[in-house]
Structures are given as structure tokens and as C-alpha cells.
Amino acid sequence: MPFEITRKSDIEFENKIIQNIEGYQKKYGRLPERSDYKILEKLGLSFKDPRIYLDYATDHKRNFELAYLEGFDGPYLLWKSTNRQWKMDFPEIYK
């Protein structure tokens, strides 16, 4: 089955986080810092459940990506602000 079906609930959950991050960016003129856990939690990212590792990364060009990092090998469920598409891929923004 396509990942759009098998990962539908993850995509719906992450779409809300994307909207929150973009709203923050519009309001403050910048993306939230990767290390600002309080803000990221307010935007919907959770750091309490070790089974769910939703990674947030930014670059110097004001782009961001979200990836569900599960297991050691990818590809991972990934959304990039540069192309605004869901796909199974590897993160491109490195910390």
C-alpha cells in the first residue's frame, strides 16, 4: 500500500504541526529554534514519548523539514518546506 494510506494518521498529525510552525514564522519573522523545546512543544512536537521521534530541522535559508525517524535505516516519512510534499526519503537539512 502507498505510504499516503499506511501513514495517513501521521501525516494528518504532522500537517497540524506544519501549520503551527508556519504561523509562528509569520508572527515572529523567523522559524523556531531547534533547541527551544518549550516553543516546539507548544507548536505540537512532543519529546515525551521515546517511541515517536519527530525530528525538526532548519537551515539558514528559512527552510525546515519534519521527519519521523524510525529505526536505523531509512527512508523516513518526510516533509520539506522547499517542495511542500510528503515522501519517503532521507533528511537533507543537517544539524
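Keep in mind the model is a prediction, meaning the values are calculated, not measured.
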Among residues at least two apart in sequence or on other chains, which ones pass side-chain contact (heavy atoms from CB on, under 4.5 Å) with Asp36? Glu33, Lys38, Ile39
So, using side chain to side chain donor-acceptor pair (under 3.5 Å) as the criterion, who are the partners of Trp79 when residues are at least two apart? none
Hphob cluster co-occupancy, Phe90 + Leu69, side-chain heavy atoms under 4.5 angstrom: yes
Euclidean distance, Leu66 CG relative to Phe13 CZ, rounded to 0.5 Å: 10.0 Å
Let me confirm one number: the CD1-CG distance from Ile17 to Leu43, rounded to the nearest 0.5 Å. 8.5 Å
Set of side-chain contact (heavy atoms from CB on, under 4.5 Å) partners for Asp73, sequence neighbours left out: none
Is it true that atom OH of Tyr28 has more than 12 heavy atoms of other residues, nucleotides or ligands lying nearer than 6.0 Å? no
Sort and list the pairs that fulfil salt bridge (Lys or Arg N to Asp or Glu O under 4.0 Å) and have at least one residue in residues 3-24, not counting sequence neighbours. Arg7-Asp10, Arg7-Glu70, Lys8-Glu12, Glu22-Arg84
From Thr82 OG1 over to Lys80 NZ, what is the distance, rounded to the nearest 0.5 angstrom? 6.0 Å
Going by side chain to side chain donor-acceptor pair (under 3.5 Å), name the residues that satisfy it together with Tyr24, two or more places apart in sequence or in a different chain. Arg30
Could you walk me through whether Ile21 and Ile18 satisfy the side-chain contact (heavy atoms from CB on, under 4.5 Å) test, starting with their C-alpha distance in whole Å, then the side-chain angles of each, then the deciding distance to 0.1 Å, before giving a yes or no? CA-CA 5 Å; Ile21 292 171; Ile18 291 165; 5.8 Å; no
Kindly write out the residues that satisfy ring-ring contact (aromatic ring centres under 6.0 Å, His included) with Tyr37, not counting sequence neighbours, or none if the list is empty. Phe47
Taking Tyr56 for the side chain and Pro32 for the main chain, is one N or O donor matched with an acceptor at less than 3.5 Å? yes
Shortest non-hydrogen pair, Met1 vs Thr6, comes out as CB-CG2, 3.7 Å
Would you please test Phe3 and Ile11 for side-chain contact (heavy atoms from CB on, under 4.5 Å) and show each step? CA-CA 10 Å; Phe3 76 89; Ile11 290 171; 4.3 Å; yes
Taking Glu65 for its side chain and Leu78 for its backbone only, find out whether a donor-acceptor pair lies under 3.5 Å. no
Salt bridge (charged side-chain N to carboxylate O under 4.0 Å, His left out) partners of Lys42, counting only residues at least two apart: none
Go through the structure and list residues passing side-chain contact (heavy atoms from CB on, under 4.5 Å) with Lys61, not counting sequence neighbours. Asp59, Asn63
